Structure formats: structure tokens, C-alpha cells
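All remarks here apply to the structure that follows.
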Amino acid sequence: MSSSSSSRWGALAVLCAVIFLDALDVSMVGVALPAIQHDLGLSTSSLQWVVSGYVLGYGGLLLLGGRTADLLGRRRVFLVALGVFAVASLLGGIVDDGGLLIAARFVKGVAAAFTAPAALSIITTTFPEGPERNKALSIFTACGASGYSLGLVLSGLLTEIGWRWTLLMPVPVAILALLVAPKVLRGRDERAEGGHDLIGAVLITASMLLLVFTVVQAPEAGWASLQTIGSLVGVAVLLGLFVFAEQRMRHPLVRLGILRSGHIVRANLGLLILMGSYVAFQFVAMQYFQNLLGWSALGTALAFLPAGLLVAVTSTKMGDFADRFGTGKLIVIGSAALAGGYAIFLGIDRDPSLAGMVIPGMLLMGIAFALSFPSLNIQATNGVDDDEQGLASGLLNTSGQVGGAIVLAVVTAVLTSGGGETLSIGSLRSAIVVSLVLAVVGLAISATGLRARKAPAVAEAGENAPVYETV
């Protein structure tokens, strides 16, 4: 292996560690919430912001983070944001005030909104498009999916010691990555041409923050309340102003023409559905296992282990599969597996079978993530110019985060629609139906991509020529 190739794969290792942490933080705090509530004396409405604060910062600023990486330099933005992430993680683990904890979580989310798109765009500009990039992206995205899946397991283990460890665990990993990164992320830090679109940045960030805030608050305020309706109108107005401004800016934050690519639009819709349906399902499953069945935090976390292990074990093969079969076919199979996993869990009762429901359902969801998550990332960045890779990755990550917030809010409304505090098998099944319907919609969308025209053959293609479907 050449020194250049070794350097690239060393950089990938650091980037994978960071995306693992970003994803880990989305799910790892979940099992620790009851202990946090007890120790800090938080109300139930305040407690949700320990999770939602991170989602607000992450989902609301991803587009700005992606474009900033393009304009200011991906390596520079990545390192600064990683340093902020480490400091915020430390502060979150030592504070004794609920408000300060929520603030630290928000800052961590903001930092992740800059590290995630910067890391993805570093990969797509470091590895040439084709088999090598596909392999790198499959490993990178598998680390993100594994971090999200294994976050629950680690949370269950660490909460047994103390909930603060769930917040402090990322600190040493982030510091180590910060020390190693300057040595492996070498080369010229390319910057895209153009100026800063401050108007666009303010409008899109405000709209995303307001959207996530609205859907998080809607179950408590009421979907038909004046607050919710007014906020949604405000989101629509801000987005309309953003589109109007971007069409007239010399150097727009988001070149709207990027959305004319069918495969990019399908990739963003696919990740929105994948993350949205699974985040919602995970919340429902936590309620089912812990609150209805009385399982321990660790036992609940271990129920999700089959999916996480499957993703981790198959991560290095997904790039080869994408080269051989095309991303479109993998996404269709993954979407079908996702729907199958949710369908199995419709059989929930008060005496669930591990062999008949829990393990098969989780394995199908693991297959869905293993196939779909890397393929969607490959699809979303293929054919995009280097100076817009940050934008493409920011769009994709935004779709996933906003999808998770929106669908979770809908499912929460379904669970509480009866007006009581006691969970029932019926309400849990209805909530799972939401995820199942979304998965079926995702399957239909991905199937349309198979009919799309394949990419034209590359003249005199060599062994490193890209092999993929433009779907």
C-alpha cells in the first residue's frame, strides 16, 4: 500500500471515530434519562430537552455547517468543531443544573452539525469517485449507524455505573481524535469560490430550528393549537423567503439546482424516512420493553444489539456490494427489510418471543441499515462537484435529523392520543404502524429509482472508473 493510500485510510479512521461519536450522542443518553431526571430534579417536559437540545443544534445548523466547510476549509472547520464538541461533552458531564446540561447538549449538537458534513466532504474529496470512495463511504456510514445502534447498549452499561459516564465517555475519544487528526488530515485545505450568503444562512437556520422546535413541542402544546399552527406558518414563510433569496443571490448558500438531480432527491427522502421511522420505532420499543414489560435498562439496550452488531460486522463489505449491484437495488432490499422488521413487531404482546419476534425483527432492521445507510450516502454525493460536497452532505444529514424529529413527534402524539398516562398494546401497535407506513412509502420511492436511466458508460474506463447506478 502506498504512503498516499495509507494516509487516506488513516484519515478515514479518524473521521469514522468522530461520526461514531456524533451518532452515539443521539441515542446514548436515552437509557440514562430516568437517572438524570431523578438526580437533577427535572420535570418530564424539561427532561425531553436533554435529547431535543442536541437535535435542535444538530438538525438546525447542518446546512450552514456543510456550506461553511466548503467555504472556510473542511479540515479547519472539522478541527474547530471537534474541539468544541469535546469541551461541551466535558461540561455536560460535570454540571449539576438541568438548564446548563440542556445548554451543553445544544452546543454539542451545533458542533456535530459542523463535524458531520465536514467529515463526509473530506472523504468524498479525498477518495476518487468509484469503488474506492464507495468502500470508504460504506465504512464511514456504517460507523455512524453502529454508533447510533450501539449507543443504547453502551448507555445501558454506563448507566449502571452512573449516568454522568454516558456524557463523559466521548471526551477522551474526541481528544484523541483531535490530537491525531492534524497528522493524518494533510494536504491543502481547499476552499470553494464565492462569498458568504449570510441572509440565506440566517433564513434556513431559523427555519430548521423553528421546525424542529415546533415538532418537539407539538405533542405537549397540541397539534391544532395556535402555537403549533403559528409556528408551522412561520416555518413556511421562512422557507419561502429562503427560496426567494437563494434565487437572487450571486453566491447562494444552497444552489437550488442541486435538487434537480433525481438520485439526490431520492437519497434525501430515503434517509429522512429511514432515520425518521427508526428513531420513532426506537422510542416506542423503549416504552414497550421498559415501561410495559418492566425490563431493565441493560436488558432493553441488549434487545437492540443484534441490529448494531450486524451493521458493524458487514460494514467493510457494503462498498463492494454497491459496486457490484448498484446502490438502487441495495436501497430497495434495505427498504423491504425495514418494513418487514416493523411488521414483525406489530405482533407485540405482554409475553414477547425473543426467537419469534425480537431477534428476527431487530435483525431485519440491522439488514436495512447495513444496506441502505451507506448506499444513500453514496447516492447523495455521487456526481456532485468537489466544491459542493459539503452542501450535499449537509442536505443529507439535515434530512435524517429533521426526519427523526418530525416522526418522533407524530408517534408521541399517537401514544398520548388517549389522554392517559398508561401505555396499552393497542397504542404501541398504532405507533409502530406509523413507522411501517413510512417504510412502505420509502420502498415505493426507492423502487422508482430502479427505473431511472443508468449512468452512461465511461469511455475507456479503467479499473478505477466509477461503477454505480444514477438512481
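Atom set for the values below is all heavy atoms of this structure, side chains included, hydrogens, waters and symmetry mates excluded. Only a predicted model underlies this, so the values are computations on that prediction, with no experimental measurement involved. Quick note: residue numbers are just sequence positions, from 1.
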Legend entry - Straight-line distance of Met362 CE to Ile344 CD1, nearest 0.5 Å: 11.0 Å

Inset, instruction - With Tyr278 as reference, evaluate Phe369, Phe373, Phe283 under the ring pair (Phe, Tyr, Trp, His ring centres under 6.0 Å) test and give the passing residue. - result: Phe369

Legend entry - Gap separating the CG atom of Leu269 from the OG atom of Ser446, nearest 0.5 angstrom: 11.0 Å

Legend entry - Ring centers of Tyr288, Phe345 separated by less than 6.0 Å: no

Inset, instruction - Can you see which heavy atom on Ala336 is nearest to which on Leu443, and at what distance? - result: N-CD1, 4.0 Å

Inset, instruction - Would you name the heavy atoms of Ile425 and Ile348 that are closest together and state the gap between them? - result: CG2-O, 3.7 Å

Legend entry - Closest approach of Gly328 to Leu450 (non-hydrogen atoms, all atoms of both residues): C-CD2, 3.6 Å

Legend entry - Non-hydrogen atoms of Phe78 and Ala119 that approach each other most closely: CE1-CB, 4.0 Å

Legend entry - Member of Leu396, Ile331, Leu271 meeting the side chain to side chain contact (heavy atoms under 4.5 Å, CB included) criterion with Gln379: Ile331

Inset, instruction - Please check if the side chain of Arg105 supplies one atom and the backbone of Val50 the other of a donor-acceptor pair under 3.5 Å. - result: yes

Inset, instruction - Give a yes or no on whether the backbone of Leu210 and the side-chain of Thr214 come within a donor-acceptor separation of less than 3.5 Å. - result: yes

Inset, instruction - For side-chain contact (heavy atoms from CB on, under 4.5 Å), just list the numbers for Tyr54 and Asp22, CA-CA rounded to whole Å, side-chain angles, deciding distance to a tenth of an Å, and then say yes or no. - result: CA-CA 10 Å; Tyr54 186 83; Asp22 287 349; 4.3 Å; yes

Legend entry - Parallel, tilted or perpendicular: rings of Tyr342 and Phe281 (30°, 60°): tilted

Inset, instruction - Could you check Thr398 against Asn268 for side-chain contact (heavy atoms from CB on, under 4.5 Å), going step by step and ending with a plain yes or no? - result: CA-CA 9 Å; Thr398 298; Asn268 278 269; over 6 Å; no

Inset, instruction - Mind running side-chain hydrogen bond (donor to acceptor under 3.5 Å, both in side chains) on Ser424 and Ser427 for me, showing each step along the way? - result: CA-CA 5 Å; Ser424 68; Ser427 64; 3.2 Å; yes

Inset, instruction - Answer yes or no: is there a donor N or O on one side and an acceptor on the other, between the side chain of Ser435 and the main chain of Ser277, under 3.5 Å? - result: yes

Inset, instruction - Supply the atom-to-atom distance Ile123 CD1 to Leu15 CG, rounded to the nearest 0.5 angstrom. - result: 5.0 Å

Legend entry - Distance in Å, Leu376 CG paired with Leu371 CG, rounded so as to fall on 0.5 Å steps: 10.5 Å

Inset, instruction - Heavy atoms only: give me the nearest Ala81-Phe114 pair and the separation to one decimal. - result: CB-CB, 3.6 Å

Inset, instruction - Return the minimal non-hydrogen interatomic distance between Cys143 and Cys16, and the atom names on each side. - result: SG-CB, 3.6 Å

Inset, instruction - Could you tell me whether Trp165 atom CH2 has more than 12 heavy atoms of other residues or ligands within 6.0 Å of it? - result: no

Legend entry - Spacing of Met365 atom CE and Ser372 atom OG [to the nearest 0.5 Å]: 13.0 Å

Inset, instruction - Could you grab the distance from atom CH2 of Trp163 to atom CD1 of Ile36, nearest 0.5 Å is fine? - result: 5.5 Å

Inset, instruction - Could you tell me whether the side chains of Ser121 and Thr124 share a donor-acceptor contact shorter than 3.5 Å? - result: no

